[in-house]
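Below is one structure, written out as C-alpha cells; the observations come after it.
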Number of protein chains: 2
Amino acid sequence: MHTDCKFETVLEILVGKWKPVIMFQLFTNGTMRFSELQRAIPAITKKMLTQQLRELEYHDIVHRKVYHQIPPKVEYSITEHGRSMGTIMEALNDWGRFHTAHLNQLYGEDEGRQSETFVDAIDNAAE
Amino acid sequence: MHTDCKFETVLEILVGKWKPVIMFQLFTNGTMRFSELQRAIPAITKKMLTQQLRELEYHDIVHRKVYHQIPPKVEYSITEHGRSMGTIMEALNDWGRFHTAHLNQLYGEDEGRQSETFVDAIDNAAE
DNA sequence: CGGGATCCAGGCTGATACTG
DNA sequence: CAGTATCAGCCTGGATCCCG
C-alpha cells in the first residue's frame, strides 16, 4: 500500500470557488480584516467568505486573529505553513500562463475561452 | 489589466473527480485503451470516464487515437504538453505529503481525516 | 467496444434576513 | 463589524438504457 501520491490533498485546499482569490489577496496585502476582504472581493457573500476562510484555517493556511471588543474586529493572514505553498503556487501560475498560450496557439486567440481569472475579478472590483 | 495570475487555469484542468486518477494511470502505463482504463478504475462509470477524458483532451493533456475498425478501438495517452505538467504534479505531490504530515502533527494522527487518495483507489482496484 | 442520451439525487453556491 | 440561519437554484456526478 504505497501512499506516495498526495497531490489530491493540495486540490482539496485550493478547491472552492473563492479560495484562490482570498489567498491571493492575503498573499499580496498581508493582514486583512474581514470587511477589507469583502471590499477587495465585492462579488463574494459573507457566507462564502466565512466558509472558505474557515476551511483555509482548518488546513492551517490562513490564521484568524480575533480582537474581543465592540465592535468586533477579526484579522486574517497567511500562516507560515501557508507561505510554504508560495513556490508551488508560482509554479502553477507559470505553467498556467504557458498553458494558456499553448491553447491559444491550438484553437486561436478568439474570444470565448477567456475564463476570468481571479486577478480580472480583482481588477473589476477596482473600478 | 494585468493577467499574471493564471494558476486557476491549472485548477480547471485538474478539477473533476476522476481526472487525477486518469492522469496517474496514463502517466504510469503510457498508452491505454478505453476498456483498460475502465478496468484500472473500476469505480468509474463510462459516462464519467468519457466526460473527463474529453475535457483533458480539450486542454491537450490527453491524446485520443481512434482506430476505425469493428469492434472499435480507442487509445489514450498523455500528450507532450501534458507531460510538461509532470514536474508541478510532483511538486504538488511532495507538498501534499508535507502538508499531510503537518496536519497530523496539528490535530493528531487519529482516523477521520484519511481521505482516500487516488493511489489508494488504485490499490483497492487491484484486489 | 466505446461510447451517447436521459433522468435523478446530492452538494455547492447565492440571496436574503437576523444577531451579539 | 463579523458573522449565523434558512431557503432556493444550479451544477456535478451516478445509474440506467440505448446505439453503431
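Source: prediction; values computed, not measured. Chain letters run A, B, ... following the sequence lines, proteins first, then strands; residues in each count from 1.
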Separation of atom CE in B:M48 from atom C1' in C:dA5, rounded to whole Å: 15 Å

Crowding at CD, B:E80 (>12 non-hydrogen neighbours, <6.0 Å): no

Greater than 12 external heavy atoms within 6.0 Å of B:Q51's CD: yes

Integer-rounded Å distance: C:dG3 P and B:I70 CD1: 15 Å

Any B:R33 side-chain nitrogen or oxygen under 4.0 Å from OP1 or OP2 of C:dC1: no

Toward the 5' end of DNA chain C, by each residue's nearest nucleotide, A:I44 or A:P71: A:I44

Nucleotide nearest B:P72 (side chain, heavy atoms from C-beta), chosen from D:dC1, C:dG2, C:dT13: C:dG2

5' priority, DNA chain D, between B:G16 and A:E75 [closest heavy atom]: A:E75

For atom CD1 of B:I22 and atom P of D:dG13, their distance in whole Å: 11 Å

Flag, side chain of B:E75 to backbone of B:K65, donor-acceptor distance under 3.5 Å: no

Ring geometry between B:W95 and B:F98 (parallel below 30°, tilted from 30 to 60°, perpendicular above 60°): perpendicular

Spacing of B:F34 atom CZ relative to C:dG3 atom C1', expressed in whole Å: 6 Å

Sugar-phosphate, base or nothing in reach of B:K17, heavy atoms under 4.0 Å: sugar-phosphate

Protein-nucleotide distance (A:Q51, atom CD; C:dT13, atom P), rounded to Å: 7 Å

N or O in side chain of B:T45 less than 4.0 angstrom from D:dT16 OP1/OP2: no

Phosphate OP1/OP2 of C:dC12: any A:W18 side-chain N/O under 4.0 Å: no

Whole-Å distance separating the NZ atom of A:K65 from the C1' atom of D:dC1: 17 Å

Separation of D:dA2 P from A:L53 CG (nearest whole Å): 11 Å

A:Y76 side-chain N/O to D:dC1 phosphate OP1/OP2 under 4.0 Å: no

B:R54 bridged to B:E57 by N-O distance under 4.0 Å: yes

Nearest-Å distance for atom pair NZ/P, residues A:K46 and C:dA15: 14 Å

Sugar-phosphate, base or nothing in reach of B:Q52, heavy atoms under 4.0 Å: sugar-phosphate

Below 4.0 Å: OP1/OP2 of C:dG3 and any side-chain N or O of B:T50: no

side-chain N/O B:R54 vs C:dG3 OP1/OP2, d < 4.0 Å: yes

Short side-chain N/O contact from A:R39 to OP1 or OP2 of D:dC1, under 4.0 Å: no

Sugar-phosphate, base or nothing in reach of A:Y67, heavy atoms under 4.0 Å: nothing

Side chain B:K73 and base C:dG2 donor-acceptor under 3.5 Å: no

Candidates D:dA2, C:dG14, D:dG13 - which lies nearest the side chain of A:K47: C:dG14

Parallel, tilted or perpendicular: ring planes of B:H81 versus A:H102, cut at 30 and 60 degrees: parallel

